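Okay, so here's the structure we're looking at.
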Amino acid sequence: PVTLFWPVVRRADRSGSAPRNAVGAQSFPRLLTFRHSPAGRERNRVHGYLRMTDVKGKPCIICVAITGSVPTKDDNPAVPISVAEQLESTHEAFEAGATIAHCHVRDDEGKPTSDPDRFARLKEGIEAHCPGMIVQLSTGGRSGTGQARGGMLPLRPDMASLSVGSNNFPTRIYENPPDLVDWLAAEMLKYGVKPEVEAFDLSHILKAHEMQAKGQLAGTPYVQFVM
């Protein structure tokens, strides 16, 4: 079966002590883990803790998308566009209890882009200023076309979005052809990136199940509903 919501791990510090807002992992028999551990980073397993935030007495995991690919400064002057603004906004969310940063980047004109250099600067800043926060980079179709959408995957983020099928947006078709989906999934396996499967409708959940059965998605699928 496909697990739709899954506890996301925040790494313990090197002393082995629990991070702030952590609960014992023994309550969660199966944890999200990462396949590879690049030199200098403890990514493979978290030593017994989950970082969670208490909301009205219920533990939850908060994923924050601080920019997205649609809002502009004209819509809201507070929308963080530059990498510096994004880091400031992400740090504020981190201090408020967010565990995952879902990241988009913009070009000099404020338009969505898949530029790996901008993603690298944002990822480096989050890791430096928000220690232990899960970095999830977007491979979404508003930011580029074809394999350019996965150009940031060699950066080995903790997670990256993976849309496994096409669907209608209000004014356009969000195209995710099978060959591109397969390529993105293969790149995520190659670089040890946990896919965040974005399910826009039921067929995407069924597709994720098929991909997991074929070994295209490692471990337990992490699926997010996009309403």
Side-chain angles (χ1 to χ4, degrees), residues 34 36 38 63-76 79-87 89-90 100-127 133-201 203-204 207-208 211 216-218 221-227:
F34 302 98
H36 302 293
C63 175
V64 56
I66 45 89
T67 299
S69 59
V70 176
T72 67
K73 292 283 190 183
D74 290 337
D75 298 319
N76 185 339
V79 174
I81 299 296
S82 69
V83 171
E85 290 174 336
Q86 290 179 306
L87 289 174
S89 181
T90 302
I100 310 173
H102 179 85
C103 303
H104 296 254
V105 291
R106 305 291 184 91
D107 63 18
D108 291 337
E109 296 179 354
K111 297 178 181 179
T113 179
S114 295
D115 183 356
D117 290 337
R118 291 178 184 268
F119 272 118
R121 288 162 49 204
L122 181 57
K123 175 177 176 287
E124 180 181 0
I126 292 173
E127 290 171 347
M133 195 174 199
I134 301 297
V135 178
Q136 183 184 100
L137 305 185
S138 172
T139 67
R142 286 191 175 99
S143 302
T145 59
Q147 294 185 2
R149 287 169 48 180
M152 77 298 292
L153 295 176
L155 298 173
R156 297 181 184 267
D158 298 307
M159 303 181 74
S161 62
L162 179 64
S163 296
V164 298
S166 301
N167 57 277
N168 290 341
F169 279 174
T171 60
R172 60 184 285 261
I173 297 174
Y174 183 23
E175 296 186 27
N176 292 287
D179 58 341
L180 177 60
V181 174
D182 289 345
W183 181 82
L184 288 169
E187 289 290 285
M188 292 183 195
L189 283 174
K190 177 180 178 180
Y191 293 111
V193 179
K194 184 71 178 181
E196 176 235 14
V197 176
E198 296 188 334
F200 290 84
D201 62 34
S203 68
H204 297 170
K207 179 62 176 179
M211 294 178 69
Q216 292 176 283
L217 304 178
Y222 180 103
V223 180
Q224 173 177 269
F225 292 112
V226 185
M227 301 298 193

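Only a predicted model underlies this, so the values are computations on that prediction, with no experimental measurement involved.
For the pair L153 and K190, the minimum side-chain heavy-atom distance is 4.5 Å or more. Looking at heavy atoms from C-beta onward, N167 lies out of side-chain contact with E198 at the 4.5 angstrom threshold. Residues M152 and S114 form a side-chain contact, since some pair of their non-hydrogen atoms from C-beta on lies under 4.5 Å apart. Looking at heavy atoms from C-beta onward, L87 lies in side-chain contact with L122 at the 4.5 angstrom threshold. In this structure the side chain of E124 never reaches within 4.5 angstrom of the side chain of V83, judged on heavy atoms. Between V79 and I81, the closest side-chain pair of non-hydrogen atoms falls below 4.5 Å. With a 4.5 Å cut-off on side-chain heavy atoms, H204 and V197 do not count as touching. Within the 4.5 Å cutoff, the side chain of I100 has no heavy atoms near those of the E196 side chain.
Side chain of E187 to backbone of V193: no donor-acceptor contact under 3.5 angstrom is found. Here the side chain of T113 pairs no donor or acceptor atom with the backbone of R106 at under 3.5 angstrom. Looking at D75, its side chain does come within 3.5 Å of a backbone N or O of T72 through a donor-acceptor pair.
Counting all heavy atoms, side chain and backbone alike, R142 lies closest to S69 at CD-OG, 3.3 Å. Closest of all the heavy-atom pairs between L155 and A120 is CD1-N, 3.6 Å. Minimum heavy-atom separation, A208 to V164: N-CG2, 4.4 Å. In terms of heavy-atom proximity, S161 sits nearest to M188 at O-CE, 3.2 Å. Nearest approach of N176 to G165, heavy atoms of both residues: ND2-O, 3.1 Å. Pairing each heavy atom of V135 with each of P157, the nearest pair is O-CB, 3.8 Å.
Between F200 and Y174, the angle of the ring planes goes over 60°, which puts this pair in the perpendicular group of the 30/60° scheme.
Here the CG atom belonging to D158 is positioned 7.0 Å from the CD atom belonging to E127, to the nearest 0.5 angstrom. With rounding to the nearest 0.5 Å, the separation of CG in L162 from CD in Q216 is 9.5 Å. Separation of atoms CD1 (I126) and OG1 (T90) is listed at 4.5 Å; rounding is to 0.5 Å. Once rounded to the nearest 0.5 Å, the distance linking CD1 of I66 with CD of Q86 reads 4.0 Å.
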Would you check, one step at a time, whether the test side-chain contact (heavy atoms from CB on, under 4.5 Å) holds for R121 with D115?
-> CA-CA 10 Å; R121 288 162 49 204; D115 183 356; over 6 Å; no

Can you check side-chain contact (heavy atoms from CB on, under 4.5 Å) on S163 and V226, steps first, answer last?
-> CA-CA 10 Å; S163 296; V226 185; over 6 Å; no

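By the 4.0 Å N-to-carboxylate-O rule, K73 lies close enough to E85 to be salt-bridged with it. Under 4.0 Å is where a charged nitrogen must lie from a carboxylate oxygen, and between D108 and R118 at least one such pair does.
S203 and D201 share a donor-acceptor pair across their side chains, judged by distance under 3.5 Å alone.
Of the listed residues (S89, P80, C103, S138), just one forms a side-chain contact (heavy atoms from CB on, under 4.5 Å) with T67, and that residue is P80. Only one option out of K194, H102, Q224 pairs with Q136 in a side chain to side chain donor-acceptor pair (under 3.5 Å); it is H102.
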